2 protein chains.
Amino acid sequence: MRRIRDAAIARFARDGFGVGLRAIAVDAGVTAGLVVHHFGSKDGLRRACDDQMLATVRAEKTKALTDGTGTMLLAQMAMVERYAPMVQYLLRSMQSGGDLAAKLTEQMTADAEEYLAAGEAAGVVRPGRDRAARARYLSYQNTGSMLLWFTLHGANAEPEEFPQLFRQYVEDLALPALELFTEGLLVDRSMLDEYLMYVPDPPAGDADNPAR
Amino acid sequence: MRRIRDAAIARFARDGFGVGLRAIAVDAGVTAGLVVHHFGSKDGLRRACDDQMLATVRAEKTKALTDGTGTMLLAQMAMVERYAPMVQYLLRSMQSGGDLAAKLTEQMTADAEEYLAAGEAAGVVRPGRDRAARARYLSYQNTGSMLLWFTLHGANAEPEEFPQLFRQYVEDLALPALELFTEGLLVDRSMLDEYLMYVPDPPAGDADNPAR
DNA sequence: GGACGCGTTGAACGGGTGTTTAATCTGTGT
DNA sequence: ACACAGATTAAACACCCGTTCAACGCGTCC
């Protein structure tokens with residue numbers, strides 16, 4: 001049963017969730033009928049895989065540094081070749097957009113907000129006008145960028161070259177990201193000030209949209 | 001023939017590229033056989049749709065302002081309800097990652113670089129150390145963020161509520177983005193300087209990786 | 001020792017897919 | 001009026017899908 005689930009994770013990661021039950025069954029050395037007998041349906045199997053991945057991520061997160069956007073966490077995990085299939089699975093999940101993807105981005109946003117708060121308290125992060133919005137922005141930008149990269153260049157990659165590709169991705173982005181974070185992009189504040197003139201200060205009392 | 005192609009674009013946009021030929025045929029008021037007779041295969045139909053979208057985008061781009069990341073262009077197009085299905089189609093394309101998606105991101109990156117150069121020349125954009133890398137970073141971040149948002153919250157939306165959702169997305173991101181662009185995120189330069197100490201200056205003579 | 005339960009199989013089912021084929025309809029030129 | 005070409009259709013084909021079902025092997029317990 002665990003072997004079936006692990007084979008499913010590997011297959012889903014490699015070929016996406018459209019892959020057939022029989023292919024998974026062959027990988028696990030069993031029959032398609034047995035798979036659905038154990039997991040009820042293909043969706044049940046997917047749910048079991050999702051649960052396992054969520055548990056793994058949660059466990060691994062406590063062991064590793066994270067910048068709240070998930071990039072560092074996933075990057076570190078992808079470096080360790082053992083975890084590469086899991087990272088691929090997570091990106092496939094983002095690609096198809098199910099419950100797991102929603103939970104992950106939600107959690108990344110929450111983590112980002114936490115890290116922003118810690119950074120502000122430590123005096124290394126410049127406080128913003130709406131921390132929640134900023135956290136959402138950062139996690140969406142970073143996760144989405146990773147997702148797009150994966151869809152365009154990583155989805156068809158062989159599992160053994162995946163860590164190398166991921167490393168390249170992170171390295172390519174390091175300089176522009178650091179530059180933007182420390183120096184900004186614009187020379188003067190006119191655009192921001194104009195925006196602030198026309199829009200009421202953002203965190204205006206309404207603190208109700210947990211996950212849009 | 002044009003009616004078939006337009007129906008296919010609408011269906012693809014609404015339900016993704018996994019939708020059956022027969023559904024498209026019914027929408028167009030014809031038979032599945034006729035579709036493949038005209039376009040050779042489902043893939044041929046998809047290619048015809050992609051070509052049409054690429055032409056439309058190229059045509060529309062000359063008429064509208066763009067920030068080089070595509071966000072503004074797509075946002076404006078989504079506002080005009082007439083174009084909402086096209087925007088959905090483009091996002092579906094990004095989601096599945098074919099030739100069109102690659103071409104679009106490539107073009108967005110090129111546009112971004114152009115706009116960065118213009119901004120630097122006009123004195124509103126702070127020059128960076130590697131303009132190409134910066135352009136790639138910005139276009140991937142913005143496009144990817146949009147893609148993730150669409151996958152999580154917009155893919156199942158009804159076409160008539162899509163423009164409103166898109167508007168909300170853009171508004172939610174405006175403040176954190178402007179803040180980051182004008183003020184940066186970090187208080188001091190230590191992180192950037194440390195990075196620059198360990199990595200040779202990036203545009204070190206090698207100007208050969210057109211689209212990674 | 002027989003009955004039960006569980007893991008497991010292979011074949012079948014029903015449905016959906018893209019594509020093919022033969023026939024029909026329709027219009028147009030000669 | 002006839003023939004030819006293109007549009008169009010309905011049916012069939014071959015395949016893959018997820019799921020169901022009846023049977024079998026095998027250990028355990030009473």
Side-chain angles (χ1 to χ4, degrees), chain A residues 1-53 85 88-89 91-101 151 155-156, chain B residues 1-53 85 88-89 91-101 151 155-156:
Chain A
M1 184 144 175
R2 184 172 316 167
R3 201 163 82 248
I4 295 179
R5 192 199 50 195
D6 291 349
I9 291 180
R11 265 288 155 191
F12 282 150
R14 191 185 308 252
D15 299 341
F17 297 104
V19 76
L21 272 184
R22 280 150 178 101
I24 298 173
V26 167
D27 285 359
V30 296
T31 330
L34 185 61
V35 178
V36 35
H37 172 252
H38 275 316
F39 296 93
S41 68
K42 184 181 184 179
D43 219 69
L45 173 62
R46 160 111 191 241
R47 250 176 283 124
C49 294
D50 280 7
D51 291 350
Q52 222 276 327
M53 293 305 303
Q88 277 185 283
Y89 184 97
L91 286 169
R92 288 269 178 218
S93 188
M94 297 280 186
Q95 215 172 11
S96 74
D99 261 16
L100 178 60
T151 304
N156 301 332
Chain B
M1 186 140 171
R2 185 173 314 167
R3 201 163 82 249
I4 295 180
R5 192 200 51 195
D6 291 349
I9 291 180
R11 265 287 155 193
F12 282 151
R14 191 186 307 253
D15 299 342
F17 297 104
V19 76
L21 272 184
R22 281 152 178 96
I24 298 174
V26 168
D27 286 0
V30 297
T31 332
L34 185 60
V35 178
V36 34
H37 171 252
H38 274 315
F39 297 92
S41 68
K42 183 180 183 179
D43 219 67
L45 173 62
R46 161 109 190 242
R47 249 176 283 123
C49 294
D50 280 7
D51 290 351
Q52 222 278 326
M53 292 306 303
Q88 277 184 282
Y89 183 98
L91 287 168
R92 288 267 179 221
S93 188
M94 297 280 186
Q95 214 172 13
S96 73
D99 260 15
L100 178 60
T151 303
N156 301 332

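Below, each value reflects all heavy atoms present in this structure, side chains not excepted, and no hydrogens, waters or symmetry copies. Treat the numbers as computed from the prediction; the structure is a model and nothing was measured. Letters go in sequence order (proteins before strands), and every chain restarts at 1.
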Going by the rule side chain to side chain donor-acceptor pair (under 3.5 Å), which residues pair with [X] if we only count those two or more places apart in sequence or in a different chain?
{"X": "A:D43", "answer": "none"}
{"X": "B:R46", "answer": "B:S96"}
{"X": "B:R92", "answer": "B:Q95"}

A:R22 (side chain) donor-acceptor with A:A32 (main chain) under 3.5 angstrom: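 Flag not set: sc A:R22 to bb A:A32 has no pair under 3.5 Å.
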
Segment of DNA chain C, first to last nucleotide, that comes within the 4.0 Å heavy-atom reach of chain A: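 Contact boundaries, 5' end first: C:dT8 to C:dA12.
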
Restricting to salt bridge (charged side-chain N to carboxylate O under 4.0 Å, His left out), what partner residues turn up for B:D15, sequence neighbours left out?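 Checked B:D15 against salt bridge (charged side-chain N to carboxylate O under 4.0 Å, His left out); matches are B:R11.
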
Within residues 29-38 of chain A or reaching into it, pairs that qualify as salt bridge (charged side-chain N to carboxylate O under 4.0 Å, His left out) - sequence neighbours excluded: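 Non-adjacent pairs meeting salt bridge (charged side-chain N to carboxylate O under 4.0 Å, His left out): zero.
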
Report yes if some heavy atom in the side chain of B:I4 is under 4.5 Å from a heavy atom in the side chain of B:V30; otherwise report no.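 The answer is yes; the side chains approach within 4.5 Å.
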
At a heavy-atom distance below 4.0 Å, what parts of residues 12-22 of chain A sit against DNA chain C?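 Close to the strand are A:R22.
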
B:A10: which residues meet the side-chain contact (heavy atoms from CB on, under 4.5 Å) condition with it, sequence neighbours left out?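 side-chain contact (heavy atoms from CB on, under 4.5 Å) check on B:A10 returns nothing, list empty.
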
Filter on ring pair (Phe, Tyr, Trp, His ring centres under 6.0 Å), then keep only pairs touching residues 11-46 of chain B, sequence neighbours left out; what's left?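 Matches after skipping sequence neighbours: B:F12-B:F17, B:F17-B:Y89.
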
Output, in order, the C-alpha distance, side-chain angles, deciding distance and verdict of side chain to side chain contact (heavy atoms under 4.5 Å, CB included) for B:V35 and B:L45. CA-CA 8 Å; B:V35 178; B:L45 173 62; 3.8 Å; yes

Produce a footprint string for nucleotides 4-10 of chain D: one letter per nucleotide, 5' end first; B if the base is under 4.0 Å from any protein heavy atom, S if only the sugar-phosphate is, - if neither. ---SBB-

